[in-house]
Amino acid sequence: MTSDNRSDIFQADYKVLDAAEKVLQDLEGSDNAIRPQFEEIYLGYKRLLRQSSHLIIIADRQQKRLIDLQNDIVEKNRELEALSITDGMTGIANRRRFDEVLTQEHARHARSGAKLSLILLDVDHFKAFNDNYGHVQGDECLRQIARVIADCTTRPADLAARYGGEEFACILPETDNNGAIAIAEKIRCGIIALALPHKCSSVADVVTVSLGVVTAPCTTDASAVDIVTQVDELLYQAKSSGRNRVEFVKSCCGAV
Amino acid sequence: MEPLIIESTKSTPMVDFNAKNRILIIKGQSYPENSFKFYDPIFQWLDMFFTTVEDDDGLIKLEISLPYINTSSTKCILMLLEKFEVAEKNGRNMDVTWYYDKENENELECAQDFKEFVELEFNLIAV
């Protein structure tokens, strides 16, 4: 059998065929009774070898297609996973991601004793903004606010998330109260600096936000949910005491 | 000759070989643990069919659809198609159609691979 490629995996098989061919040639013209039988075996082997080489090519291609498909699926899963934790409108983390990270960070900080801070913020008079400027403008406003919050939380472990409608939250690992308040102020000022007109606001001519900041005590028996409840109360205080401000716990035992 | 009818399972195709109307259908995924055990009765039926069928130029139709096929099943399908090659060389009138899912590129490529290596005319039809 003439093989196109003597270096392929069937090299040894072709050698067997070559040897058989040589025997057939040597027997050419002789009246050796074994020759027809031998030739039949030779042809049978040749046919099966051809089939096996086809089988291997087909199976290899099939396997390659399946591996490619599997890689595609892995890639698609990654994309889906990223989508499932991202807020579609603003592009920052969504509520699901926020809850997930807060639970993880809370457990990690409870072990290490480091300080975990949380900021919760709400756009002032956002309903009036929407009613006055329309939902397209409202969405654009939220996108710009999200950008400011993301830009203010740039350390690798920081997380900026859209918490709900016009509420946003930041998880600030290993950050003390003063550090967190500084970031909250930076966010508040950054949003004012956007200078998004808001003529229906009772606070200013531009879009403003109210923020609550909380720092979880180092040794805490409290759950992640308790911190959210606490920061929610501070946000409420910021709202009820005039908006466009940062509220935090003015601890009698000194800043945590 | 009795028809050969095998219900499909998760890992084996449906088989409906009818000697009377000469339509032989094999359809479904094929990845049995023991492919030869599954395909051997099919080979035996085919050998019997080709030796007993009247040679009156009647068309023999083979319809294949194999969305997924493992390696040992590939060997069996090559063996099966070889029987059709031989039958065609012996003057039988054959019509082989390989159906593939138009949404599934892999299925088409797999069918094309068989077409490349089997000396048998066959139609590839998207469904």
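In what follows, chains carry the letters A, B, and so on, assigned in the order in which the sequence lines appear, proteins first and then strands, with residues in each chain numbered from 1.
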Within a radius of less than 6.0 Å around [atom1] of [X], do more than 12 heavy atoms belonging to other residues, nucleotides or ligands occur?
X	atom1	value
A/Lys186	NZ	no
B/Met14	CE	yes
B/Lys20	NZ	no
A/Glu79	CD	yes
B/Lys61	NZ	no
A/Arg96	CZ	no

Atom group of A/Leu69 that falls short of 4.5 Å from chain B, counting heavy atoms
side chain

For a side-chain contact (heavy atoms from CB on, under 4.5 Å) with B/Asp113, tell me which candidate from A/Asp60, A/Ile58, A/Ile57 qualifies.
A/Ile58

Whatever's closer than 4.5 Å to a heavy atom in chain A on B/Ile69 counts as both

Could you tell me which portion of B/Glu105 (side chain, backbone, both or neither) has an atom closer than 4.5 angstrom to a non-hydrogen atom of chain A?
neither

Side chains of A/Leu48 and B/Met79: does their closest heavy-atom pair fall under 4.5 Å?
no

Is the shortest heavy-atom distance from the side chain of B/Phe114 to the side chain of A/His54 under 4.5 Å?
no

Salt-bridge criterion met for B/Glu109 and A/Arg65 (N-O under 4.0 Å):
yes

Among A/Gln63, A/Gln62, A/Arg61, which residue forms the greatest number of heavy-atom pairs with chain B at distances under 4.5 Å?
A/Arg61

Under 4.5 Å, heavy atom to heavy atom: which of residues 116-127 of chain B reach chain A? Give them by number, or say none.
B/Glu116, B/Phe117, B/Glu119

